[in-house]
Amino acid sequence: MFEFRKTGHRQRQTVLLRAWVAGLFALVCLLLLAGRLWYLQVVRYDTLSARAEQNRITIVPVPPRRGQIADRNGAVLAQNLRDYTLTVTRAQIRGDINDVLDRLGELVYLSEGDRRKFMRLYQQSGRYAPVLLRNNLNDIEASWFAVHAYRFPGVSLEARWVRSYPMHESAAHVLGFVGRISEEDQQELDESGQLGNYRGTLVIGKKGVEKTWEKALHGRTGVEELEVTAGGRPVRELSRTDPVPGANLELSLDIGLQQLAEAQFEGRRGALVAIQPHTGEILAFVSSPSFDPNLFVDGIDVENWRKLNESPDHPLINRPLYGTYPIGSTYKPFVGLAALEMGLRSARELIPDPGYFELAGQKFRNAGGAAYGPTDMHRAIVVSSDTYFFSLGAQMDVDALHDFTGRFGFGQITGIDLDGERRGVLPSRAWKRKTYKKPEQQHWYRGETVSVTVGQGYNAFTLLQLAQATSVLANDGVYMKPHLVRRIIDPLTGRFSYPVVGPQYTIDLKPDNLRVIREAMVDVVRKGTARRAFEGAAYQAAGKTGTAQVYSLRGAKYKAQAVDERLRDHALFMAYAPVEDPQIAVALIVENGGWGASVAAPIARTVFDYWLDPARVAQRAERLRAEQAARAAQAGPTPAAAPGRPDAQPAPDDEEAPEPAPLPDEASAPEDGAQEENP
């Protein structure tokens with residue numbers, strides 16, 4: 001009995017002790033919890049409150065709408081279309097990405113090409129960079145995914161503006177294209193302080209006007225402040241700063257003229273540039289063959305890239321800008337004008353032309369072996385006497401010729417608003433010393449000047465330079481910078497500005513000397529080598545044909561059918577019209593086309609007929625009057641340069657080593673059909 005009571009007492013003490021220990025432990029826990037709550041809510045209040053606010057609110061960049069590009073008549077050349085896309089952010093993906101794609105493919109169609117392109121971009125992108133998975137979703141696909149979006153964290157449905165080029169291959173080398181922002185692009189943007197303005201933007205200008213005018217076209221990114229759930233889903237919009245859309249560009253191109261000129265090169269390789277002499281506006285800019293810039297907007301696929309990149313016709317090369325060619329006899333009017341200005345020869349002085357010119361035992365022959373007898377400068381240009389200009393080359397100093405023709409734009413950076421313009425080669429003694437390393441190669445010989453004066457030898461010019469020189473000649477020596485963007489239009493206010501407002505300089509030329517060259521060029525069209533191409537024209541044009549060799553004949557007789565097609569002569573033509581008030585200047589080349597008179601001149605005739613059609617002339621005059629009235633009514637000063645406009649200027653120094661020709665058939669060689677004979 002006593003032992004039982006003693007055991008019960010001990011049990012009660014044990015229970016009581018345990019209760020006290022448990023109570024004390026609970027009290028300590030409550031004190032710790034209270035201390036922790038006090039610490040979090042009082043001591044860390046400011047920090048945690050800010051962090052909670054950040055988790056509750058997310059800042060979303062709102063990319064601006066890219067500026068539209070149109071031709072001079074308002075025809076849209078580059079536009080923005082609304083598009084639904086699926087993007088993937090790696091940091092938010094749960095599980096294996098291939099499993100996610102398989103499950104997603106049950107809702108939205110994903111082709112093998114979509115998956116391959118996505119995986120390539122996905123592996124190259126950062127953890128927080130959205131990667132395009134699929135674009136051009138229709139409304140049904142977009143709605144179906146939106147209902148099941150909760151199943152795919154990290155996959156987002158977005159509505160975006162996508163770039164579209166409705167003219168496809170037409171004017172592609174002018175417009176260029178946009179493409180996904182690469183790491184190199186991001187680095188350049190960061191270095192220029194523009195990276196913040198590209199948050200949320202997926203594409204950037206890569207070529208052409210899209211690249212050169214990127215700053216103006218892009219606009220300014222907006223900001224949207226959203227309240228979100230713990231899972232990141234938006235609840236409501238708290239504030240918003242709207243993006244500023246990019247400026248709209250009005251090009252000087254006439255798309256009707258552009259497409260007409262492009263049609264003339266169907267199945268041919270070549271280039272054409274048409275300029276308005278009084279303004280420097282580019283009216284047509286043809287590089288044939290061309291490509292479709294729409295292929296590059298979301299990344300070109302492997303098959304199409306291989307077709308373009310491996311084509312022997314090089315459709316991606318901007319021929320008027322990158323291609324450098326010997327320009328043959330089209331150089332003769334400028335050489336003749338140089339001789340008159342230097343006083344080396346009078347216009348009426350007769351030079352015997354037996355069909356060849358001999359210098360130090362070497363014979364330089366006329367094209368086709370023709371002999372013209374006593375020839376003055378007028379006749380030499382009209383019939384394209386090589387012998388006359390060969391003899392002139394023996395008298396002329398190459399440095400003086402270099403300085404004179406350089407003022408017209410030969411061998412210079414013209415400053416056109418396109419990227420990657422080549423300087424070409426305008427030879428001089430200093431150029432040769434810089435180009436060649438061996439002392440015996442650095443010496444300039446008179447025979448080399450002989451070849452240079454007929455547009456061959458070391459000469460290598462771009463078609464843009466030839467067109468610009470023709471334009472300056474037609475414009476009495478006034479140099480207007482060639483440009484493609486005619487007006488920049490603010491999309492919010494409608495105000496416009498002009499990037500080029502006046503001439504850069506004027507070449508001091510004697511009117512009598514200009515008249516000699518112009519009259520000769522008129523007779524080239526009226527009764528000379530281009531007469532057949534311009535029979536029955538309602539206007540009077542002035543021009544010069546040219547045929548440039550691709551390789552040296554070394555005394556052999558040229559037979560077009562006996563050589564490979566890509567080794568045949570280039571056909572060239574330069575001209576302006578009408579003579580009394582030049583409205584258009586044209587230079588063109590048909591690669592391996594043969595004679596300039598029969599192949600190139602008819603193309604120029606077609607271009608002139610279109611531009612100088614009386615109905616179109618009247619329409620342009622009416623449009624110009626309306627534009628001048630609007631310009632006069634616009635308040636505020638007209639800026640000399642527009643935002644985003646590159647400030648490239650023609651470089652005065654052309655003494656640099658020649659750049660390798662981009663085309664395999666652009667080797668420089670002696671005169672257009674002229675043959676060298678070594679006795």
Side-chain angles (χ1 to χ4, degrees), residues 69 77-78 113 117 120 163-182 184-185 203-214 217 251 253 255 258-259 261-273 282 284-325 413-414 416-424 460-465 467 484 550 565-566 570 588-593 659-667:
I69 303 176
L77 306 180
K117 184 163 62 174
R120 176 172 54 84
R163 201 63 159 173
S164 173
Y165 302 95
M167 299 299 176
H168 298 279
E169 295 188 355
S170 187
H173 292 90
V174 172
L175 298 171
F177 52 83
V178 298
R180 291 186 61 84
I181 297 177
S182 64
E184 292 79 6
D185 294 326
V203 298
I204 193 172
K206 296 287 188 178
K207 287 290 184 181
V209 170
E210 293 277 25
K211 179 179 180 179
T212 314
W213 289 85
E214 170 63 29
L217 286 167
L251 302 188
L253 289 183
I255 195 60
Q258 175 79 16
Q259 292 178 332
E262 289 170 343
Q264 306 305 305
F265 284 87
E266 184 69 32
R268 298 170 169 174
R269 299 178 303 278
L272 178 147
V273 178
I282 304 293
F285 192 95
V286 176
S287 181
S288 179
S290 187
F291 64 94
D292 188 349
N294 290 295
L295 296 173
F296 292 87
V297 173
D298 283 316
I300 188 169
D301 60 86
V302 175
E303 183 179 355
N304 279 313
W305 171 250
R306 185 179 293 115
K307 288 180 181 179
L308 292 174
N309 194 45
E310 297 179 0
S311 170
D313 293 332
H314 305 285
L316 294 177
I317 289 180
N318 190 328
R319 281 169 161 81
L321 202 66
Y322 301 163
T324 54
Y325 307 85
I413 298 297
T414 66
I416 191 174
D417 43 350
L418 288 177
D419 66 299
E421 181 182 3
R422 291 202 171 189
R423 186 185 299 274
F461 306 132
T462 66
L463 253 292
L464 175 61
Q465 290 171 355
L484 284 155
V550 173
E565 187 267 340
R566 293 179 185 270
H570 295 324
L588 68 104
I589 184 171
V590 179
E591 294 176 12
N592 314 115
E659 300 170 73
L663 302 176
D665 54 1
E666 291 176 7

### Task
Please examine the side chains of F177 and E210, heavy atoms only from C-beta on, and report whether any two atoms are closer than 4.5 Å.
no
### Task
Check whether any side-chain N or O of H570 sits under 3.5 Å from a backbone N or O of N592 as a donor-acceptor pair, and report yes or no.
yes
### Task
Mind running side chain to side chain contact (heavy atoms under 4.5 Å, CB included) on M167 and Q258 for me, showing each step along the way?
CA-CA 11 Å; M167 299 299 176; Q258 175 79 16; over 6 Å; no
### Task
Just do the side chain to side chain contact (heavy atoms under 4.5 Å, CB included) check on D417 and W213 with the steps written out, would you?
CA-CA 8 Å; D417 43 350; W213 289 85; 3.2 Å; yes
### Query
Are the side chains of L272 and L463 in touch, meaning some heavy atoms are under 4.5 Å apart?
no
### Task
Starting at CZ of R269, measure out to CG of D313 and round the result to the nearest 0.5 Å.
5.5 Å
#### Entry: Derivation of the side chain to side chain contact (heavy atoms under 4.5 Å, CB included) call for W305 and F296
CA-CA 9 Å; W305 171 250; F296 292 87; 4.1 Å; yes
### Minimum-distance pair of heavy atoms, taken over all atoms of F291 and P315
CD2-O, 3.7 Å
### Heavy-atom pair of closest approach, residues R422 and Y322
CD-O, 3.1 Å
### Task
Starting at CG of L308, measure out to OG of S290 and round the result to the nearest 0.5 Å.
9.5 Å
## Note on the structure
Of all heavy-atom pairs linking L464 and L321, the shortest is CD2-CD1, 3.9 Å
### Heavy-atom closest contact (G424 atom, T324 atom, distance)
CA-CG2, 3.9 Å
### R319 to G270 - nearest heavy-atom pair and separation
CD-O, 3.4 Å
### Query
Are any non-hydrogen side-chain atoms of L217 and I69 less than 4.5 angstrom apart?
yes
### Message
Between the side chains of K206 and D185, is the shortest nitrogen-to-carboxylate-oxygen separation below 4.0 Å, so that they form an ion pair?
### Response
yes
### Query
So do the side chains of V203 and R163 get within less than 4.5 Å of each other, counting heavy atoms only?
no
### Task
Just do the side chain to side chain contact (heavy atoms under 4.5 Å, CB included) check on S164 and N294 with the steps written out, would you?
CA-CA 6 Å; S164 173; N294 290 295; 4.1 Å; yes
### Query
Who passes side-chain hydrogen bond (donor to acceptor under 3.5 Å, both in side chains) against S170, sequence neighbours left out?
E262
### Task
Kindly say whether T414 contributes a backbone atom to a donor-acceptor pair with the side chain of E421 at under 3.5 angstrom?
yes
### Task
Search all heavy atoms of V273 against all heavy atoms of P320 and return the closest pair with its distance.
CG2-CB, 3.7 Å
### Query
In Å and rounded to the nearest 0.5 Å, what is the CD1 to OG distance from I204 to S182?
8.0 Å
### Summary
To the nearest 0.5 Å, atom CZ of R268 lies from atom CD1 of I589 at 12.5 Å
### Message
Can a donor-acceptor pair be found, under 3.5 Å and without considering hydrogens, that links the side chain of E169 to the backbone of P289?
### Response
no
### Message
The criterion is side-chain hydrogen bond (donor to acceptor under 3.5 Å, both in side chains); which residues satisfy it with K117, sequence neighbours excluded?
### Response
none
### Query
Taking C-beta and beyond as the side chain, do I282 and V174 meet within less than 4.5 Å on heavy atoms?
no
### Query
Just how far is it from atom CG of L418 to atom CD1 of I416, taken to the nearest 0.5 Å?
4.5 Å
#### Entry: Atom pair CG/NE2 of L295 and H168 - distance to nearest 0.5 Å
10.0 Å
#### Entry: With sequence neighbours excluded, residues passing side-chain hydrogen bond (donor to acceptor under 3.5 Å, both in side chains) with E266
none
### Query
So, N318 side chain and H173 main chain: donor-acceptor pair closer than 3.5 Å or not?
yes
